[in-house]
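So that the names make sense, note that chain A is the first sequence line, chain B the second, and so on, each numbered from 1. Only a predicted model underlies this, so the values are computations on that prediction, with no experimental measurement involved.
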Amino acid sequence: MIRLYNTLTRKKEELVPLRPGEIRMYVCGVTVYDLSHIGHGRSALAFDVMRRYLRYRGYDVRFIRNFTDVDDKIIKRAQEEGVPPRELAERYIEEYRKDMGALGILPADVEPKATDHIPQMIKLIERLVAKGVAYPLDGDVYFEVKRFPRYGRLSGKNLEELQAGARVEVDERKRNPLDFALWKASKEGEPAWPSPWGPGRPGWHIECSAMSMHYLGESFDIHAGGEDLVFPHHENEIAQSEAATGRPFVRYWVHNGFVNLGAEKMSKSLGNVLTLKELLRHHEPEALRLYLLGTHYRNPLDFSNERVAEAARALERFRNLFEEAERLAAKGTPAPGRDQGLLEEAAEARRRFEEVMDDDFNTAQAVATLFDLAHRLQSFKSKVTQGEASAGAFLLGVGELMSLGRVLGLFEEPSRPSQPVDPELRGKIEALVNARAEARRRRDWVGADRLRAELVRVGVTVEDGPEGTTWKWKP
RNA sequence: GGCGGCGUAGCCAAGUGGCCAAGGCGGAGGUCUGCAAAACCUCUAUUCAGCGGUUCAAAUCCGCUCGCCGCCUCCA
C-alpha cells in the first residue's frame, strides 16, 4: 500500500487509483523563457522518482509534463531579444530537455505545449461562460471565483482572508479582485489566436486544466508541482475544471518543497538563481541526484555546493563496490555457493526500501537502505577475498543493490565516467603504471614511489589491490 | 494582518507516541598494505530550540516563549 501526502487534505492518504492498476499523473512543468535552475531540477526529480517507483510497483503510469510556451514573460523576453516568442520558447524547451536529461530525468509520456492546445482551452472557457461562472470583459474572459463555493479549499484559505490580504492591484472592471483571467485580449504585436471574444491568448491557469483533462480525462489521480503553485495556480485549476465538468478534478495533489539559497528563496525575481547548466559544470549529475534524494521531497532544501561534493564522495563508495564486482565478474560468474545470509539480507534491504518508499516516497530513507546494503556487501567482499565466502553470492548481492538504486534513477551511468581519455595520454599513463608495477616486482620502492609521484602530477591515483594494480583519475 | 512549515550530533539529514534516535560527510583509534589508495572493525546525540503540560510511555500530542522560512503577487 502506497501512502502519499495530499495537499488537499493535509495528510498522508492511501493511494487508490481511479482505475485499478493505472495511475494518471500530471506535473506542472515550466514556463520556458529562461534556463532551468536547481529548483526546477528538484521538482522534476521528485516526480520522476515517484513515477519510476509507481511503475516499479506495477502501476501502468501515464505521465504528462507540460510546457507553458506562451505567457507575459516569454513575450517580454522575446521582445528584448528581438526574436519571435515561439522561437525563444523552442530554444528553452530544448535546453530544458538537455538539462533534465543530464540529471537522469526521464521524458514524460507526453510533453504538451500550451500553444498546441488552444482549441481545447477555448472550448473549456466556452463551457465556463455558458455555465455563467466566467464572464467576458473587453476581450478578456474572467473566472468569477464567487461562483465556486469550494474556492480556497486547496490552499486553506477563504475568500474573505484572500481579499483582506490581496496585494493585487485592483482592476476595477472585474467583479471581484480575485477573479482571474482565462483569456487575455492580445495587444498589438503579441501572439494571438482567434476566439469568440476576439484575438487573444490563454491565461496561465487554463492551460494546465485543458491539457491535463485532454490527456488524462476530466478526473485523474495525481497532479503535482512546486509548493508555490498551490495558490493561486492549482486553486484556480480546481475551480475552473470542476466548475466546467461538475466532477472532481484530481484525487491527490502533491507539492515539492523549495530549494533555498542561504536560507533565502531562490527565484528569478530575486536574481539568485543557480542554473542546472552551471551546476552540472561543477558536479557530476549522479552526485547531484544523490544529493537531492537525500532530503525528503516535501522539505525545504538549502542548497550547498559542499553538500553536493559530499554526495559525490558517498557515491564513490558505491562505485568502488561496483568496480570490485566488475573485476570479479570478469573472471566468470561462479555459482552462488555459501552466502552466509547475504542474500536474505539483500532481500530484507529490498523489503525495507519498499516500505519507506511506500510511505510518501521517502527517498532519504531509501538511500539509507542502499548505503546499509553497500556496507554489508563491502564487508562480505573482504571474506570473498579471503576465500571464506562465495563470489557468486557477492555478485548477486551487488546486482540487487544496483537494481534498487535504479528504481531511484541511480547507478545508471557506467561506473566512473571519467572524462574521455585521449588514447595517446592513456598509453602514456599505462606505460607509467606498468613501469611502476615492474619496479614493485623488483622491490624497487624508491623507483615505484617516484613513478607514483609522477602519475599523481598528471592527476592519476594508483591503487594496488589483490587482483593487481588499477588507476583512476584523482577525484 | 491571515494561513502554513521548520528548529534532531561538528555539518547535512531521516524519524511524528513505546526495539539501544536511520543514513551520509567529517573526525578519532585499530586491521590490511613496502608506501599509498580502497575496504573492514570500533568509537563519535543518556538526547531531539527553551519552558510547562497530557500519558504507564513523547523528538513525536497540547500550551507558551525564542529563532528561522514559505504562501497570501509571476514563480518548481
Legend entry - Centroid-centroid under 6.0 Å between F303(A) and Y291(A) rings: yes
Nucleotide [N], atom [atom2] - distance to [atom1] of [X] in whole Å:
X       : N      : atom1 : atom2 : value
D449(A) : A36(B) : CG    : P     : 10 Å
L370(A) : A13(B) : CG    : C1'   : 16 Å
N299(A) : A13(B) : CG    : C1'   : 9 Å

Examine [N]: is either OP1 or OP2 under 4.0 Å from a nitrogen or oxygen in the side chain of [X]? Give yes or no.
X       : N      : value
H233(A) : C74(B) : no
N362(A) : A14(B) : no
R317(A) : G24(B) : yes
R313(A) : G26(B) : yes

Would you measure the distance from the [atom1] atom in [N] across to the matching atom in [M] and give it in whole Å?
N      : M      : atom1 : answer
C41(B) : U54(B) : C1'   : 45 Å
C25(B) : A57(B) : C1'   : 34 Å
A9(B)  : G50(B) : P     : 10 Å
G15(B) : A28(B) : P     : 31 Å
G18(B) : U55(B) : C1'   : 11 Å
C11(B) : A49(B) : P     : 14 Å
U8(B)  : C68(B) : C1'   : 16 Å

Inset, instruction - Flag as yes if W445(A) stacks onto the base of G34(B) (centroids under 5.5 Å, planes under 30°), otherwise no. - result: yes
Legend entry - Test item: K184(A) and D72(A) side chains (from C-beta on) under 4.5 Å apart, heavy atoms: yes
Inset, instruction - From the options G34(B), A14(B), G24(B), select the nucleotide whose nearest atom is closest to the side chain of A314(A). - result: G24(B)
Inset, instruction - Would you indicate which nucleotide in G24(B), A37(B), C40(B) comes nearest to any side-chain atom of E310(A)? - result: G24(B)
Inset, instruction - Among R51(A), R24(A), R65(A), find the one that has a salt bridge (charged side-chain N to carboxylate O under 4.0 Å, His left out) with D109(A). - result: R51(A)
